[in-house]
Amino acid sequence: MTRVKNDDCDATTNGLSDECYKSWMMEHPSAITSFDQMVSKAKGKSIVVFLDYDGTLSPIVDDPDLAFMSDEMRSAVREIAKNFPTAIISGRSREKVYEFVQLTEVYYAGSHGMDIMGPPHQGHEVILFQPAKDFLPAIQKISNVLEEKTQKIEGALIEDNRFCISVHFRRVHEKDYDTLEEKVKSVVKNYPEFRLTSGKKVMEIRPSIKWDKGCALEYLLDTLGFSDSSDVLPLYIGDDRTDEDAFKVIRRRGEGYPIIVSSTPKETKAAYSLRDPSEVLSFLTHLAKWRNSFSGHSVD
Ligand SMILES: O=P(O)(O)OC[C@H]1O[C@H](O[C@H]2O[C@H](CO)[C@@H](O)[C@H](O)[C@H]2O)[C@H](O)[C@@H](O)[C@@H]1O
């Protein structure tokens, strides 16, 4: 049993010291203190902002239905979206993220990028890409079986994320972790076209297609007309394992900033870090102010 144990580190549970964090920060410096250096590379380029939702724009809470973002964060994201093309890429269903964020100015990619929508046009939804449509009937079946098989495990929660399913165990007794994982695995093994991944106290079942948050980032850059990597600086802020796929894409492109949200050292492809959503808020506010300071004349 490994999947359900180690995905939600904090300094108290993993015993990592401040010293350890400081040395990790040397490799992944704060995006706030590195701000001037980062934006100095923006000359002649377009910044495109990609944001994860849970743990990035909203703090991690016990009940996934209560993961609200603050009004300050909403205003900061709105300000960012006024100045840069902006997308929110989440493991949640697109509808659920929209319910939380409530901004019409941004692109949304739900279900780990398998459900991409542009800003609404004349009040209508603009669905751009849904590569896992064929899997919907099977997802529904899996969801029903999981509901039934896990109903006796206190605290287990199945979340329907449309093109993928989350099995939450944040509120499950630790003694029941193994049982829950076995049950989930026994269901998934009957659906070879699906795979099991993990995040923060959550197991996720998703179609085994070659599509992830990194592919969604590239798709959105192409859609926005930025396939030429020398003209664009993509900036991606995220806190979880699935965000690593986007970090890798930015690394591969050789331009842009992968930024991890973490208050503990962890293995990551990110180049910069922010401690928590409150630092994300400061960074976004700073970025919008920096852009606004050029209003009327170009940054280029
Ligand atoms: O890609 P994200 O936007 O980060 O979504 C990843 C998962 O986030 C949510 O779960 C996480 O946040 C919950 C609320 O804070 C927390 O209770 C849970 O333990 C975390 O794993 C969401 O509910 C999942 O469906 C997403 O896959």
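Numbering of ligands and ligand atoms starts at 1, following listing order.
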Quiz prompt | Identity and separation of the nearest protein heavy atom to atom 8 (O) of ligand 1 | solution =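 Scanning the protein heavy atoms, the shortest distance from atom 8 (O) of ligand 1 goes to D54 OD2, 3.1 Å.
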
Exercise. Find out whether K185 and M203 are in side-chain contact, i.e. whether some heavy atom of one side chain is under 4.5 Å from a heavy atom of the other.
Key: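 Not touching, per the 4.5 Å side-chain cut-off.
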
Self-check item: Smallest separation among heavy atoms of P192 and S208, with atom names
Solution: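 The pair with the smallest heavy-atom distance is O-OG, 4.0 Å.
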
Quiz item: Going by heavy atoms, is P59 under 4.0 Å from ligand 1?
Solution: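 In this structure, P59 qualifies as a contact of ligand 1 - some heavy atom is under 4.0 Å.
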
Quiz item: Within a reach of under 6.0 Å around CD of E193, are more than 12 heavy atoms found that belong to other residues, nucleotides or ligands?
Solution: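 Enclosed: over 12 neighbouring heavy atoms sit under 6.0 Å from CD of E193.
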
Quiz item: Which protein non-hydrogen atom lies closest to atom 17 (O) of ligand 1, naming both residue and atom, and how far is it?
Solution: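 The closest heavy atom on the protein side is V61 O, 2.5 Å.
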
Self-check item: atom 2 (P) of ligand 1: the protein heavy-atom neighbour that sits closest, reported with distance to 0.1 Å
Solution: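 Residue, atom and distance for the closest contact: D52 OD1, 2.9 Å.
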
Exercise. For ligand 1, find out whether one of its N or O atoms is nearer than 3.5 Å to an N or O atom of D240.
Key: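 Between D240 and ligand 1, no N or O pair is found under 3.5 Å apart.
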
Self-check item: Atoms in ligand 1 flagged as close to N161, the criterion being non-hydrogen separation under 4.0 Å
Solution: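 Answer for ligand 1: 25 (O), 27 (O).
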
Quiz prompt | Plane angle bin for F100 and Y53 - parallel if under 30°, tilted between 30 and 60°, otherwise perpendicular | solution =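 Y53 and F100: parallel rings.
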
Quiz item: Hey, which atoms in ligand 1 end up nearer than 4.0 Å to a heavy atom of Y53?
Solution: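 Taking each heavy atom of Y53 in turn, ligand 1 has 3 (O) under 4.0 Å.
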
Quiz item: Any idea which of K200, E204, H168, R206 brings a heavy atom closest to atom 6 (C) of ligand 1?
Solution: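 Comparing heavy atoms across K200, E204, H168, R206, the nearest one to atom 6 (C) of ligand 1 lies in E204.
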
Quiz item: So, is G91 polar-close to ligand 1, with some N/O to N/O distance under 3.5 Å?
Solution: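 It does: an N or O of G91 is found under 3.5 Å from an N or O of ligand 1.
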
Practice problem: Spell out, as yes or no, whether a donor-acceptor pair under 3.5 Å connects the side chain of D212 to the backbone of C215. | Solution: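 A pair under 3.5 Å: yes.
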
Quiz item: Hey, is E79 close enough to K82 for a salt bridge, meaning N to O under 4.0 Å?
Solution: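 Yes.
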
Quiz item: For ligand 1, which atoms sit closer than 4.0 Å to a heavy atom of R170?
Solution: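 The atoms of ligand 1 under 4.0 Å from a heavy atom of R170 are 16 (C), 17 (O), 18 (C), 19 (O).
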
Practice problem: Tell me which one of V202, T242, I60, L157 gets a heavy atom nearest to atom 11 (C) of ligand 1. | Solution: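 Result: the heavy atom closest to atom 11 (C) of ligand 1 is in I60.
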
Self-check item: Shortest protein contact, atom 3 (O) of ligand 1 (heavy atom only)
Solution: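 Here the closest protein heavy atom is S90 OG, 2.7 Å.
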
Exercise. Could you tell me whether E218 and R252 have a side-chain N and a carboxylate O separated by less than 4.0 Å?
Key: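 R252 and E218: salt-bridged.
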
Quiz item: Any idea which part of D62 is under 4.0 Å from ligand 1, heavy-atom wise: side chain, backbone, both or neither?
Solution: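 It is the backbone that gets close, since no side chain atom is under 4.0 Å.
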
Quiz item: Short N/O distance, under 3.5 Å, between D63 and ligand 1?
Solution: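 In this structure, D63 places no N or O atom under 3.5 Å from an N or O of ligand 1.
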
Quiz prompt | Which segment of S166 sits under 4.0 Å of ligand 1 when only heavy atoms are counted | solution =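 The part of S166 near ligand 1 is the side chain, not the backbone.
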
Practice problem: Please work out which of H112, E159, R171 has its closest non-hydrogen atom nearest to atom 24 (C) of ligand 1. | Solution: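 Minimum heavy-atom distance to atom 24 (C) of ligand 1 goes to E159.
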
Practice problem: Using the six-membered ring wherever Trp is involved, compare the ring planes of Y219 and W211 and label them parallel, tilted or perpendicular (cut-offs 30° and 60°). | Solution: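 It falls in the perpendicular class, over 60°.
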
Quiz item: Parallel under 30°, tilted from 30 to 60°, perpendicular over 60°: which one fits the rings of Y191 and F194?
Solution: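 Geometry flag for F194 against Y191: perpendicular rings.
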
Exercise. For the residue pair F84 and W290, categorise the inter-ring angle as parallel (less than 30°), tilted (30 to 60°) or perpendicular (more than 60°).
Key: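 Plane angle under 30°, so parallel.
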
